[in-house]
Amino acid sequence: MTGLAALAGAVPDPELPMVTLSDLGVLRAVRRGEHTGEVVVELAPTWLGCPAVEAMAADVERVLRAHGERHVTVRVVRDPPWSSDDITPEGRRKLAAAGIAPPRPGGPVLVQLSAPARPPVLCPRCGSADTALVSAFSGTVCRALRHCAACREPFDHVKER
């Protein structure tokens with residue numbers, strides 16, 4: 001990653017501060033205008049109505065301005081849409097280390113009349129597959145609250161998209 005992209009990508013997610021915008025795959029592009037010198041940053045929100053995207057944009061702009069960039073524009077892009085598969089292996093590792101189950105790999109979840117067979121959500125603390133959904137929402141709309149029957153601990157799970 002180049003200097004500006006590294007700076008923007010190192011900004012922590014406001015709702016999951018243990019991971020950066022690069023870890024989450026939210027940072028899509030950073031480029032400098034050839035004639036204007038303006039730095040344009042593109043962010044893909046994890047959800048269509050993600051309330052954190054404004055905080056992400058403000059944090060990226062603040063960091064780049066602190067490093068001498070005078071003209072910074074942060075754009076929200078939705079094409080291609082963010083997918084939980086965009087989370088890097090390092091991001092998945094950091095989520096699990098913080099006690100939050102990362103999303104299962106496998107791409108977007110198709111809408112079906114019957115539930116598709118999916119691998120179980122593993123407990124980030126003990127690794128058990130004996131976990132259950134407690135609530136479809138947790139601290140943010142992109143996380144669910146689950147419970148581990150083996151270690152009896154609740155944990156957050158970043159939902160698949």
Side-chain angles (χ1 to χ4, degrees), residues 1-111 118 121-125 133-146 153-161:
M1 208 179 275
T2 64
L4 292 174
L7 289 170
V11 170
D13 179 81
E15 293 179 327
L16 300 165
M18 73 292 293
V19 291
T20 66
L21 299 185
S22 286
D23 292 333
L24 279 179
V26 168
L27 180 67
R28 287 293 165 87
V30 178
R31 60 181 165 270
R32 183 182 299 278
E34 188 173 315
H35 301 293
T36 63
E38 175 186 30
V39 176
V40 178
V41 179
E42 293 180 353
L43 301 177
T46 57
W47 291 86
L48 189 58
C50 177
V53 74
E54 289 181 25
M56 291 178 196
D59 290 347
V60 165
E61 188 172 332
R62 179 183 40 77
V63 165
L64 293 178
R65 287 184 190 276
H67 282 81
E69 296 300 330
R70 297 178 65 200
H71 304 289
V72 177
T73 299
V74 180
R75 295 186 179 140
V76 175
V77 295
R78 293 181 172 85
D79 187 27
W82 180 86
S83 164
S84 52
D85 286 342
D86 294 335
I87 299 175
T88 66
E90 178 65 7
R92 292 173 185 276
R93 186 198 64 74
K94 288 177 179 177
L95 288 169
I100 298 175
R104 296 166 289 199
V109 177
L110 300 176
V111 176
R118 306 266 320 185
V121 174
L122 302 179
C123 175
R125 293 189 174 82
L133 180 67
V134 174
S135 172
F137 299 99
S138 183
T140 65
V141 294
C142 59
R143 290 184 280 168
L145 180 62
R146 299 189 68 89
E153 291 290 330
F155 63 93
D156 280 350
H157 170 228
V158 177
K159 295 184 237 177
E160 292 86 13
R161 287 194 56 200

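Residues take their numbers from the sequence shown, with the count starting at 1.
In this structure, R146 has no salt bridge (charged side-chain N to carboxylate O under 4.0 Å, His left out) partners at least two apart in sequence or on a different chain. Listed by chain and residue number, R28, W82, S83 satisfy the side chain to side chain contact (heavy atoms under 4.5 Å, CB included) test with D86 (two or more places apart in sequence, or in another chain). Under the rule for a side chain to side chain contact (heavy atoms under 4.5 Å, CB included), the partners of R62 that lie at least two apart in sequence or sit in another chain are D59. For the salt bridge (charged side-chain N to carboxylate O under 4.0 Å, His left out) test, residues two or more places apart in sequence or in another chain that qualify with E90 are R93. Every residue two or more places apart in sequence or in another chain that forms a side chain to side chain contact (heavy atoms under 4.5 Å, CB included) with A55 is listed here: P14.
Proximity of a side-chain donor or acceptor of R32 to a complementary backbone N or O of G37 within less than 3.5 Å is detected. Distance alone, capped at 3.5 Å, is enough to place a donor-acceptor pair between the E160 side chain and the R104 backbone. Looking only at distances, no side-chain donor or acceptor of S138 sits under 3.5 Å from a matching main-chain atom of T140. K159 contributes no side-chain N or O that, together with a main-chain N or O of F137, makes up a donor-acceptor pair within less than 3.5 Å.
Between the CG atom in L95 and the CG atom in D23 there is a gap of 8.0 Å [rounded to 0.5 Å]. Here SG of C142 is found 11.0 Å from NE2 of H157. Values are rounded to the nearest 0.5 Å. Note that CG of L4 and CD of E69 are 5.0 Å apart. Values are rounded to the nearest 0.5 Å. Note that CD of E42 and CG of L27 are 9.0 Å apart. Values are rounded to the nearest 0.5 Å. Here C50 contributes atom SG and R78 contributes atom CZ; the two are 9.5 Å apart, rounded to the nearest 0.5 Å.
Listed here is the closest heavy atom pair of K94 and M18: CD-O, 3.3 Å.
A heavy-atom distance below 4.5 Å is not found between the side chains of R143 and F155. The shortest side-chain heavy-atom distance between V40 and V30 does not fall under the 4.5 Å cut-off. Side-chain contact between I87 and P103 is present, with at least one heavy-atom pair separated by less than 4.5 Å. Counting heavy atoms from C-beta on, the side chains of P124 and I100 never come closer than 4.5 Å. In this structure the side chain of R75 never reaches within 4.5 angstrom of the side chain of V41, judged on heavy atoms. P154 places a side-chain heavy atom less than 4.5 Å from the side chain of L145.
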Can you give me every donor-acceptor pair (side chain of residues 5-13, partner residue at least two apart or in another chain, under 3.5 Å) with its distance?
unit_1: D13; atom_1: OD2; unit_2: E15; atom_2: N; d: 2.8
unit_1: D13; atom_1: OD2; unit_2: L16; atom_2: N; d: 2.6

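In summary, the side chains of E38 and H35 do not present any donor paired with an acceptor at a separation below 3.5 Å, with no hydrogens or angles considered.
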